[in-house]
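Bear in mind the structure is a predicted one, so any value in this text is a computation, not a measurement.
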Amino acid sequence: MITVLLFAHLQEVLGKEKIEIDCAPLTVAELKQYLKESFGFEQISQVMIAINEEYGVDEDVIQPGDIVALIPPVSGG
């Protein structure tokens with residue numbers, strides 16, 4: 001089971017702070033595709049991914065028990 005923490009607009013879209021996914025191991029790219037197809041996160045490619053508090057890239061593998069944070073881009077002025 002992977003715990004996925006949601007922030008900002010992603011949290012608002014689902015109305016949850018986190019979701020749990022039972023399909024590990026998978027790569028970051030596979031997780032992004034899963035989230036896009038399952039939850040409609042169309043702009044997931046713009047989101048930074050952290051695995052156990054370290055930034056990840058598309059090729060990194062997420063293992064069962066990992067905590068993944070989806071960090072949307074920051075905007076402001």
May I ask you to test the [X]-[Y] pair for a side-chain heavy-atom distance under 4.5 Å?
X: Ile49; Y: Val57; result: no
X: Ile44; Y: Leu70; result: yes
X: Asp60; Y: Ile62; result: no
X: Pro25; Y: Gln63; result: yes

Verify same cluster id: [X], [Y] (apolar side-chain graph, 4.5 Å):
X: Phe39; Y: Val47; answer: yes
X: Phe41; Y: Leu5; answer: no
X: Leu26; Y: Val28; answer: yes

Compare every heavy atom of Ala8 with every heavy atom of Pro72, then report the nearest pair and how far apart it is.
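Taking every non-hydrogen atom into account, CG-CB, 3.8 Å.
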If you compare all heavy atoms of Ile71 against all heavy atoms of Ala50, which two are closest, and at what distance to 0.1 Å?
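Closest approach of Ile71 to Ala50: CD1-CB, 4.1 Å.
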Side chains of residues 11-20: which donor-acceptor partners sit under 3.5 Å, not counting sequence neighbours?
unit_1: Gln11; atom_1: NE2; unit_2: Leu6; atom_2: O; d: 2.9

Just how far is it from atom CG of Asp66 to atom CE of Met1, taken to the nearest 0.5 Å?
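Rounded to the nearest 0.5 Å, the CG-CE separation comes to 13.5 Å.
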Check the surroundings of atom CZ in Phe7: do more than 12 heavy atoms from other residues, nucleotides or ligands lie under 6.0 Å from it?
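Count over threshold, so yes.
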Within the supplied structure, the quantity of interest is the number of heavy atoms (other residues, nucleotides, ligands) at a distance under 6.0 Å from Gln43 CD; does it exceed 12?
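Incorrect, the count does not exceed 12.
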Main-chain N/O of Thr27 paired with Glu30 side-chain donor or acceptor, under 3.5 Å
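Present.
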Can any side-chain N or O of Asn52 pair as donor or acceptor with the backbone N or O of Ile67 at less than 3.5 Å?
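The answer is yes, because a donor-acceptor pair under 3.5 Å joins these two groups.
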Asp58: what forms a salt bridge (charged side-chain N to carboxylate O under 4.0 Å, His left out) with it, not counting sequence neighbours?
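By the salt bridge (charged side-chain N to carboxylate O under 4.0 Å, His left out) rule, Asp58 matches Lys32.
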